[in-house]
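As the structure lists them, so they are numbered: ligands from 1, and atoms in each ligand from 1.
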Amino acid sequence: MGAGSQRIVDDGFIVLDGVEKVFDVRRRTGFMKRERRRVRAVDGLSFTVGRGEMVGYIGPNGAGKSTTVKMLTGILTPSGGRLRVAGIDPSRERTRLAHRIGVVFGQRTTLWWDLPLIDSYRLAHRMYRIPDARYRENLDRCVALLGLGALLDVPVRQLSLGQRMRGDIAAALLHDPEVLYLDEPTIGLDVVSKAKVREFLRELNAERGTTVLLTTHDLQDIEQLCSRVMVIDHGRLVYDGPVAGLHEAGESERTLVVDLERELPPIDAPAPARVVRVEGPRQWLAFPASQPAAGLVARIAAAYPLVDLSVREPDIETVIARMYEDRTSA
Ligand SMILES: Nc1ncnc2c1ncn2[C@@H]1O[C@H](COP(=O)(O)OP(=O)(O)OP(=O)(O)O)[C@@H](O)[C@H]1O
Ligand SMILES: [Mg+2]
């Protein structure tokens, strides 16, 4: 193959054009009986991500997100369509691509379980043939920004989930990848760890221009990090646009949970906010996610004896479910 002959000239850094992935699943249904089933995990997916973009990639369970990420790394070969990352066909040139991408699967570590954290980094140093000075610099930077200093000599299996995740993110970045795929990097993390990871990703994208594709079930990850979000459902792209637009498309609502001093009739809230549930002195009010909570809180605080209140964000599943309701009822 001639150098560069396979390369396509394209604006996109990540380009998918009608990509499909079909799994043949065989299932035992009885003695000598097997059922064959085809699962269309990704079904004609097309999108483009430009260099330096940080894009959210969300959707319900089984939507095809991880399958997409696996195809983008070359772990899985598409059943159809065309896919390029940095001009490279991932499944055909997986090793060459590996030097240019980083990947973090939140559900599975790439670190060596029984070895101290630093050993996994030393292995990456050799495996990717990272120049010594570069390795040092990147390691120092990750250690400082991700707070790994005290953890380097700890065996990975002794790390907490949040510590391990930060360790995994560092491992994915030691070789200066141009693109980072993150598949649920904040799953199971507490608020402090989530904030640390988000801050780190924001800086990475802003300062290094690293292209980031972020898969998550936490809508706040997306809201705090991405200006663009893609929603996938049943292997198809159902939304691609700004995060705010997602809320509009799904007409999503947040919930204000109010604890009153005593049981009272439903709060008389200014429309479109309304009480959706009452349980003793606690009441739940739904209001549009696009509207700030402050005004509503002030109105209620002025008129009712409050003990406590909190705002609940809509989850991704609810937002997407509402997108569908709207579409089918339109
Ligand atoms: N190796 C496989 N063999 C057979 N079916 C698979 C395989 N991997 C994924 N699937 C199926 O493909 C579909 C998409 O799975 P995928 O893991 O991509 O979803 P996801 O969007 O990442 O979901 P989650 O939010 O639960 O992580 C599912 O129906 C899943 O069961
Ligand atoms: Mg997944």
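The backbone N or O of Tyr57 lies less than 3.5 Å from no partner atom in the side chain of Lys65, so there is not a single donor-acceptor pair. Checking side-chain atoms of Gln158 against main-chain N and O of Pro155 turns up no donor-acceptor pair under 3.5 Å.
The protein reaches atom 2 (C) of ligand 1 closely, with a heavy atom under 4.0 angstrom from it. Protein heavy atoms all stay at least 4.0 Å away from atom 31 (O) of ligand 1.
For the pair Asp221 and Arg198, the salt-bridge criterion is met [side-chain N within less than 4.0 Å of a carboxylate O]. Contact check on Arg274 versus Glu253 returns a salt bridge, with a Lys/Arg side-chain nitrogen under 4.0 Å from an Asp/Glu carboxylate oxygen. Salt-bridge check for Arg164 with Asp168: passed, with a basic side-chain N closer than 4.0 Å to an acidic carboxylate O.
Atom 17 (O) of ligand 1 has as its closest protein heavy atom Ser66 CB, 3.7 Å. From the protein, the heavy atom lying nearest to atom 29 (O) of ligand 1 is Val39 CG1, 3.8 Å. For atom 16 (P) of ligand 1, the closest heavy atom belonging to the protein is Thr67 OG1, 3.5 Å.
Proximity of Gly64 to ligand 1 is established by a heavy-atom distance of less than 4.0 Å. Within the structure, ligand 1 has His217 among the residues with a heavy atom less than 4.0 angstrom away.
For the pair Lys196 and Phe200, the cation-pi test (distance below 6.0 Å, angle within 45°) is failed.
An N or O contact shorter than 3.5 Å links Lys65 to ligand 1 by distance. Residue contacts with ligand 1: Gly62 is placed with a nitrogen or oxygen under 3.5 Å of a nitrogen or oxygen of the ligand (distance criterion only).
Remark: ligand 1 atoms within the under-4.0 Å shell around heavy atoms of Ala41 are 12 (O), 13 (C), 14 (C).
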Full working for side chain to side chain contact (heavy atoms under 4.5 Å, CB included) between Val15 and Arg82: CA-CA 8 Å; Val15 181; Arg82 198 194 67 166; 3.6 Å; yes
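Side chains of Asn138 and His175: a donor-acceptor N/O pair is absent below 3.5 angstrom, by distance only.
The parts of Asn61 lying near ligand 1 are both backbone and side chain, judged by heavy-atom distances below 4.0 Å.
Ranked by closest heavy atom to atom 10 (N) of ligand 1, the top entry among Phe105, Tyr57, Phe23 is Phe23.
For a distance bound of 2.8 Å, the N, O or S atoms of Ser66 include one lying that close to the Mg ion (ligand 2).
Rounded to the nearest 0.5 angstrom, Lys194 NZ and Asp218 CG are separated by 4.0 Å.
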